[in-house]
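Note that the numbering runs from 1 along the sequence shown for the chain. This is a predicted model, so every value here is computed, not measured. What's counted below: heavy atoms across the whole structure, side chains too, no hydrogens, waters or symmetry copies.
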Amino acid sequence: MKVLLKSSILLLLASWLTTACVEHTVYHTYQSIPNEGWDKHDTLTFVIPITDSLPTTLQVTAEVRSGNKYPYQNLFIVVSHNLQDSTTFETDTLALSLADNEGNWKGSAWGSLRQSSLPLGKVSIKGSGNYLFKVSHGMKDEVLPGIRDVGVYLSK
C-alpha cells in the first residue's frame, strides 16, 4: 500500500511539474547550424505566431548549443526583432559567455554538447500576428565552427 501511495504521489508531482513548465512556454524552437559552421552572412529567422489569448508581456531568451570545436570563451550574437511593434525592428549585439576565465564551460551539458541561455528581457506585445526574430553571429570569423543550434524561447 505504501509503495502504491509513493508511486501515485511521485507520478502526480511529475505531472504537475511538466504541466507547470509547459504552461509558461509561448514559443520555443531551435534551428540547426550546418556542420561546416555558422556563416557570418547566414541570418537565422524565426517566425513567432502570437495570438490574442496570450499575455501582453513575455520574457525573451536566446539559446545556443555548442560543441567541443567552439574555439572561443564568448559568442557575440546580433539579434533583431519586431516583438514590440510589428513595423519596427530593434537590433542589438549581445555577448554570451560560454566559458569562464579558466576555460570551464558554462551552461548545461549532454556529453560534448553544451547549452547556454541569454535572457534578453521582457517585451510587451501589442497584438496578435506573426512576429520575426532574427539572429546572426557577430564574431570576426567568416565561418564560425562549433555552434550546433540557435534557439528562441518566449515565456509568460
* **Partners meeting side-chain contact (heavy atoms from CB on, under 4.5 Å) with Val143 (sequence neighbours left out)** =>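 Testing Val143 for side-chain contact (heavy atoms from CB on, under 4.5 Å), a comparison that skips the adjacent residues, returns Asp39.
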To the closest 0.5 Å, what do you measure between [atom1] ([X]) and [atom2] ([Y])?
X: Leu75; Y: Leu144; atom1: CG; atom2: CG; answer: 6.5 Å
X: Ile147; Y: Leu96; atom1: CD1; atom2: CG; answer: 8.0 Å
X: Leu154; Y: Lys122; atom1: CG; atom2: NZ; answer: 12.5 Å
X: Ser112; Y: Trp105; atom1: OG; atom2: CH2; answer: 11.0 Å
X: Asp42; Y: Ile33; atom1: CG; atom2: CD1; answer: 6.5 Å
X: His28; Y: Thr61; atom1: NE2; atom2: OG1; answer: 8.5 Å

* Distance-only donor-acceptor check, side chains Gln59 and His24, under 3.5 Å -> no
* Would you tell me whether Gln73 and Asp100 have side-chain atoms, one donor and one acceptor, within less than 3.5 Å of each other? => no
Does any non-hydrogen side-chain atom of [Y] lie less than 4.5 Å from one of [X]?
X: Val123; Y: His81; value: yes
X: Leu83; Y: Ile125; value: yes
X: Val64; Y: Asp149; value: no

Using side chain to side chain donor-acceptor pair (under 3.5 Å) as the criterion, list what pairs up with [X], not counting sequence neighbours.
X: Arg148; answer: none
X: Asp141; answer: Tyr72
X: Lys106; answer: Ser97
X: Asn35; answer: none

* Set of residues satisfying ring pair (Phe, Tyr, Trp, His ring centres under 6.0 Å) with respect to Tyr131, sequence neighbours excluded -> none
What closest approach, in Å, do [X] and [Y] show between heavy atoms, and which atom pair accounts for it?
X: Leu98; Y: Ser66; result: CD1-OG, 4.4 Å
X: Met139; Y: Phe76; result: SD-N, 3.3 Å
X: Ser136; Y: Thr43; result: CB-OG1, 3.9 Å
X: Ser124; Y: Thr57; result: OG-OG1, 3.8 Å
X: Gly107; Y: Ser116; result: CA-OG, 4.2 Å

[Y] reachable from [X] in the ILVMFWY side-chain graph, under 4.5 Å edges:
X: Tyr70; Y: Leu94; value: yes
X: Val26; Y: Tyr30; value: no
X: Phe89; Y: Phe133; value: no

Is there a donor-acceptor pair under 3.5 Å between the side chain of [X] and the backbone N or O of [Y]?
X: Gln31; Y: Thr45; answer: yes
X: Asn82; Y: Leu132; answer: yes
X: His137; Y: Trp38; answer: yes
X: Trp110; Y: Arg114; answer: no

* Just checking, Lys134 and Phe46: is the charged tip under 6.0 Å from the six-membered ring centre and within 45° of the axis? ->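 No, cation not above the ring by the 6.0 Å, 45° rule.
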* To do: Tell me, with the steps shown, if Thr91 and Val79 meet side chain to side chain contact (heavy atoms under 4.5 Å, CB included).
  => CA-CA 6 Å; Thr91 302; Val79 175; over 6 Å; no
